[in-house]
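Computed over heavy atoms, backbone and side chain alike; hydrogens, waters and symmetry mates excluded. Both ligands and their constituent atoms are indexed starting at 1 by order of listing.
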Amino acid sequence: MVYDTIIVEQRDAVTLITLNRPQVLNALNTLVLEELSDAFAKFDGNPSQRCAVLTGSEKAFAAGADIKQMSEKAAADFFLEDFFSGWQSKVAATRKPWIAAVAGFALGGGCELAMIADFIIAADTAKFGQPEIKLGVAPGMGGSQRLTRAIGKAKAMDMCLTGRMMDAAEAERASLVSRVVPAADLLEEALKTAAQIAAMPPMAAMVNKEAVNLAFETNLSQSILIERRLFQILTATEDKKEGMAAFVEKRQGVWKGR
Ligand code: CO8
């Protein structure tokens with residue numbers, strides 16, 4: 001598939017995906033969703049690729065869902081097309097870890113897309129917000145749910161009801177992002193972190209992701225039980241044997257991915 005709205009590169013075991021609609025600040029339309037879904041499916045299916053980074057431009061990670069595209073649709077179109085359901089059923093279904101590297105605006109669907117990532121590394125220029133209320137709507141790509149889980153009710157209400165933007169420092173204080181770096185270092189820092197994850201035993205990386213995500217899906221006693229089962233399943237892998245042997249022998253592990 002040749003992409004129009006994203007650029008995909010492989011840097012050793014790391015897939016770098018760059019949103020590329022600069023003329024509209026990377027606004028997310030149906031084509032972006034189709035192309036990102038395809039790129040993430042290929043990343044998931046390629047055993048040589050172990051972690052991904054999704055980024056935008058210096059000015060905008062993404063300034064939201066494409067307002068021009070949405071302005072032409074009637075309510076019945078949104079419903080019948082189940083508009084944007086693929087962000088959940090395809091992009092969020094990616095099994096391998098990936099990081100959002102955010103500089104500039106991450107608004108509306110842009111903030112929601114960043115929150116689908118396993119974690120966010122932000123440039124000091126990043127600005128997050130859910131301004132949908134100003135358009136007469138509300139978040140529709142998971143924002144009201146993921147934001148509330150990430151930063152709690154008081155701040156999520158503040159963001160959704162006022163539509164204001166949160167800068168990078170506030171986002172770090174609120175635990176929306178895992179770290180903030182100078183804008184000039186953003187991509188290098190994100191790629192370095194992704195390479196670190198890519199060097200881990202791959203099944204363990206996928207299971208760690210699944211285990212953390214369980215915390216948002218299941219009650220505590222169930223999720224602790226499932227966590228224990230996931231741990232027990234991993235003990236059957238060749239990489240577990242290798243990882244523990246490497247520790248005892250004081251050397252680096254060499255992973256088979258099984
Ligand atoms: N959609 C379409 N085009 C956009 C968008 C967008 N979200 N954001 C910016 N653009 C376009 C502008 O129209 C402009 O195009 P043109 O040059 O042709 O006029 C170009 O990008 C540059 O933008 P600005 O001139 O406005 O740049 P500024 O630096 O002055 O302002 C802002 C930057 C503050 C980011 C401003 O562009 C802005 O407020 N953008 C809209 C932000 C927004 O409201 N986002 C939320 C969108 S709604 C949403 O995401 C809902 C998701 C849920 C949908 C679920 C459906 C079921």
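- The protein reaches atom 10 (N) of ligand 1 closely, with a heavy atom under 4.0 angstrom from it.
- The closest approach between a heavy atom of Gln130 and any atom of ligand 1 is not below 4.0 Å.
- With a 6.0 Å radius and a threshold of 12 heavy atoms from other residues, nucleotides or ligands, Asp12 has its CG atom at or below the threshold.
- Of all the heavy atoms of Lys134, none lies under 4.0 Å from any atom of ligand 1, so neither backbone nor side chain is involved.
- When the options Ile67, Leu107, Leu135 are ranked by their closest heavy atom to atom 41 (C) of ligand 1, first place goes to Ile67.
- For atom 15 (O) of ligand 1, the choice among Lys59, Met70, Arg21, Lys68 with the nearest heavy atom turns out to be Lys68.
- Scanning the protein for heavy atoms near atom 21 (O) of ligand 1, the closest one is Val24 CA, 3.3 Å.
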Kindly determine whether Phe83 and Lys73 satisfy side-chain contact (heavy atoms from CB on, under 4.5 Å), including the steps that lead there. CA-CA 10 Å; Phe83 195 69; Lys73 285 183 184 290; 3.3 Å; yes

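- The side-chain contact (heavy atoms from CB on, under 4.5 Å) with Phe61 is formed by just one residue from the set Leu54, Asn26, Ile120, Leu25; it is Leu54.
- Listed by atom number, the atoms of ligand 1 under 4.0 Å from Ala27 heavy atoms are 1 (N), 2 (C), 6 (C).
- There is no protein heavy atom less than 4.0 angstrom from atom 31 (O) of ligand 1.
- Between Ala198 and Val14, the closest heavy-atom pair is CB-CG2, 4.2 Å.
- A cation-pi contact links Lys96 to Phe43, judged by a cut-off of 6.0 Å to the six-membered ring centre and 45° from its axis.
- Between the side chain of Ser223 and the backbone N or O of Leu214 there is no donor-acceptor pair closer than 3.5 Å.
- The shortest heavy-atom distance from Gln69 to ligand 1 is not under 4.0 Å.
- Closest to atom 57 (C) of ligand 1 by heavy atom, among Phe105, Phe79, Phe83, is Phe83.
- The protein atom (non-hydrogen) at minimum distance from atom 37 (O) of ligand 1 is Leu25 CD1, 3.8 Å.
- Contact annotation for atom 13 (O) of ligand 1: protein present (non-hydrogen atoms, distance under 4.0 Å).
- No part of Leu28 comes within 4.0 Å of ligand 1, judged by heavy-atom distances.
- Taking every non-hydrogen atom of Gly109 and a distance limit under 4.0 Å, the qualifying atoms of ligand 1 come out as 49 (C), 50 (O), 52 (C).
- Near Gly108, meaning under 4.0 Å from one of its heavy atoms, ligand 1 places the atoms 46 (C), 50 (O).
- When Met166, Glu170, Met165 are each tested for a side-chain contact (heavy atoms from CB on, under 4.5 Å) with Lys127, only one passes: Met165.
- There is no protein heavy atom closer than 4.0 angstrom to atom 19 (O) of ligand 1.
- Some N or O of Ala63 is nearer than 3.5 Å to an N or O of ligand 1, by distance alone.
- Less than 4.0 angstrom separates atom 6 (C) of ligand 1 from at least one non-hydrogen atom of the protein.
- Within the set Pro131, Gly140, Gly104, Gly64, the minimum heavy-atom distance to atom 55 (C) of ligand 1 is found for Gly140.
- Within a 6.0 Å sphere centred on CZ of Phe231, heavy atoms belonging to other residues, nucleotides or ligands number 12 at most.
- From Thr125, atom OG1 reaches atom CD of Glu58 across 7.5 Å, with rounding to the nearest 0.5 Å.
- Atom CD of residue Glu217 and atom CZ of residue Arg149 lie 7.0 Å apart, to the nearest 0.5 angstrom.
- The distance from the CD atom of Glu35 to the OG1 atom of Thr5 is 3.5 Å, given to the nearest 0.5 Å.
- Checked against a 3.5 angstrom limit, the closest N/O atoms of Phe84 and ligand 1 fall outside it.
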What verdict does the side-chain contact (heavy atoms from CB on, under 4.5 Å) test give for Met70 and Val137, after you've listed the backbone C-alpha separation in whole Å, the side-chain angles of each residue and the deciding distance to 0.1 Å? CA-CA 11 Å; Met70 291 190 296; Val137 287; over 6 Å; no

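- Gln23 O, 4.5 Å is the protein heavy atom nearest to atom 17 (O) of ligand 1.
- At a distance under 4.0 Å, no protein heavy atom can be found next to atom 25 (O) of ligand 1.
- Hydrophobic clustering (ILVMFWY, side-chain heavy atoms < 4.5 Å, transitive): Tyr3 and Leu16 are in distinct clusters.
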